[in-house]
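Have a look at this one before I ask anything.
This structure is a prediction, so every number in the text was calculated from the model and none was measured.
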Amino acid sequence: MNQPPSPADEYETHYRYEITTAMNHVVRACQDVVRHHSYQGNWTPKGTADPMAPAHRELIAQARQDVLNQLQLSIQAAETIAYEIERHRHRITRNRSE
């Protein structure tokens, strides 16, 4: 006898799609940083007053603008999706056991 799939299993494909899409976005954000803001694997800040000796404030501002904000946004979005999947899975499992 074949048993119908449980509600949690029915969502497995959807979960996999969501987390894979989110992680692809993180990877693309990393690629964008590498492509537009690095040279030979090293960060190359642009727009500083003196590229050879920028002040630490300029470097911090540029790091946030070029790299950190973009990556944090992508990572936070992926974390949110992972959290929501876990929460949804827990809710389905809990409802099934009641």
Side-chain angles (χ1 to χ4, degrees):
M1 284 192 223
N2 288 338
Q3 293 182 345
S6 70
D9 294 336
E10 291 175 11
Y11 288 103
E12 185 65 28
T13 301
H14 179 71
Y15 295 154
R16 292 175 57 87
Y17 173 79
E18 289 293 324
I19 195 64
T20 300
T21 300
M23 291 309 301
N24 286 343
H25 185 72
V26 172
V27 169
R28 287 185 191 110
C30 292
Q31 289 172 331
D32 184 61
V33 167
V34 169
R35 186 173 36 255
H36 298 291
H37 304 291
S38 73
Y39 178 74
Q40 295 183 344
N42 295 302
W43 174 51
T44 54
K46 295 186 177 29
T48 54
D50 180 0
M52 298 306 293
H56 71 279
R57 287 183 184 100
E58 290 174 305
L59 283 177
I60 291 169
Q62 200 64 42
R64 286 181 176 138
Q65 180 181 336
D66 290 351
V67 180
L68 299 175
N69 293 343
Q70 181 177 353
L71 295 181
Q72 284 174 344
L73 182 62
S74 296
I75 291 167
Q76 286 173 347
E79 283 286 354
T80 299
I81 289 169
Y83 172 78
E84 290 298 324
I85 289 170
E86 291 169 335
R87 195 174 85 149
H88 186 255
R89 180 71 174 213
H90 178 72
R91 187 173 52 241
I92 289 172
T93 305
R94 186 181 68 229
N95 289 342
R96 189 174 49 183
S97 65
E98 291 177 354

- Message: Is any side-chain heavy atom of R28 closer than 4.5 Å to one of R35?
- Response: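 A side-chain contact is absent here, since even the closest heavy-atom pair is not under 4.5 Å.
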- Message: By the side chain to side chain donor-acceptor pair (under 3.5 Å) test, which pairs, at least two apart or in different chains, include something from residues 71-86?
- Response: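 Side chain to side chain donor-acceptor pair (under 3.5 Å) check on residues 71-86 returns H25-S74, E84-R87.
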- Message: On a heavy-atom basis, which atom in H88 and which in Y15 lie closest, and how many Å separate them?
- Response: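 Closest heavy-atom pair between H88 and Y15: ND1-OH, 2.8 Å.
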- Task: Mind listing the closest non-hydrogen atom pair of A29 and Q70 along with its distance?
- Result: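 Closest heavy-atom pair between A29 and Q70: O-NE2, 3.7 Å.
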- Message: Nearest 0.5 angstrom please: D66 CG to S38 OG, how far?
- Response: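 D66 CG to S38 OG: 10.5 Å, rounded to 0.5 Å.
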- Query: Can you tell me how far the NE2 atom of H90 sits from the CG atom of N95, to the nearest 0.5 Å?
  - Reply: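 The NE2 atom of H90 sits 9.0 Å away from the CG atom of N95.
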- Message: With rounding to the nearest 0.5 angstrom, report the OH to CD1 distance, Y17 to I81.
- Response: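 One gets 10.0 Å once the value is rounded to the nearest 0.5 Å.
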- Answer yes if L71 and V27 sit in the same cluster of Ile, Leu, Val, Met, Phe, Trp and Tyr residues linked by side chain heavy atoms under 4.5 Å apart, and no otherwise.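 No, L71 does not connect to V27 through the hydrophobic network.
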- Message: Can you tell me how far apart CD1 (I92) and CZ (R94) are? Round to the nearest 0.5 Å.
- Response: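 One gets 10.5 Å once the value is rounded to the nearest 0.5 Å.
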- Task: Kindly write out the residues that satisfy side-chain contact (heavy atoms from CB on, under 4.5 Å) with H36, not counting sequence neighbours, or none if the list is empty.
- Result: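 Partners of H36 by the side-chain contact (heavy atoms from CB on, under 4.5 Å) criterion, ordered by chain and then number, come out as D32.
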- ring pair (Phe, Tyr, Trp, His ring centres under 6.0 Å) against H14, all qualifying residues, sequence neighbours excluded: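 With sequence neighbours excluded, H14 shows a ring pair (Phe, Tyr, Trp, His ring centres under 6.0 Å) to no residue whatsoever.
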- Answer with yes or no whether the hydrophobic clustering places L59 together with V67; edges join I, L, V, M, F, W, Y residues whose side-chain heavy atoms lie under 4.5 Å apart.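 In one cluster: yes.
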- Going only through I, L, V, M, F, W and Y residues with side-chain contacts under 4.5 Å, is there a path from I75 to L73?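 Different hydrophobic clusters.
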- Query: Which atom names give the shortest non-hydrogen contact between A82 and I19, and what distance separates them?
  - Reply: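 Nearest pair, atom of A82 first, then I19: CB-CD1, 3.9 Å.
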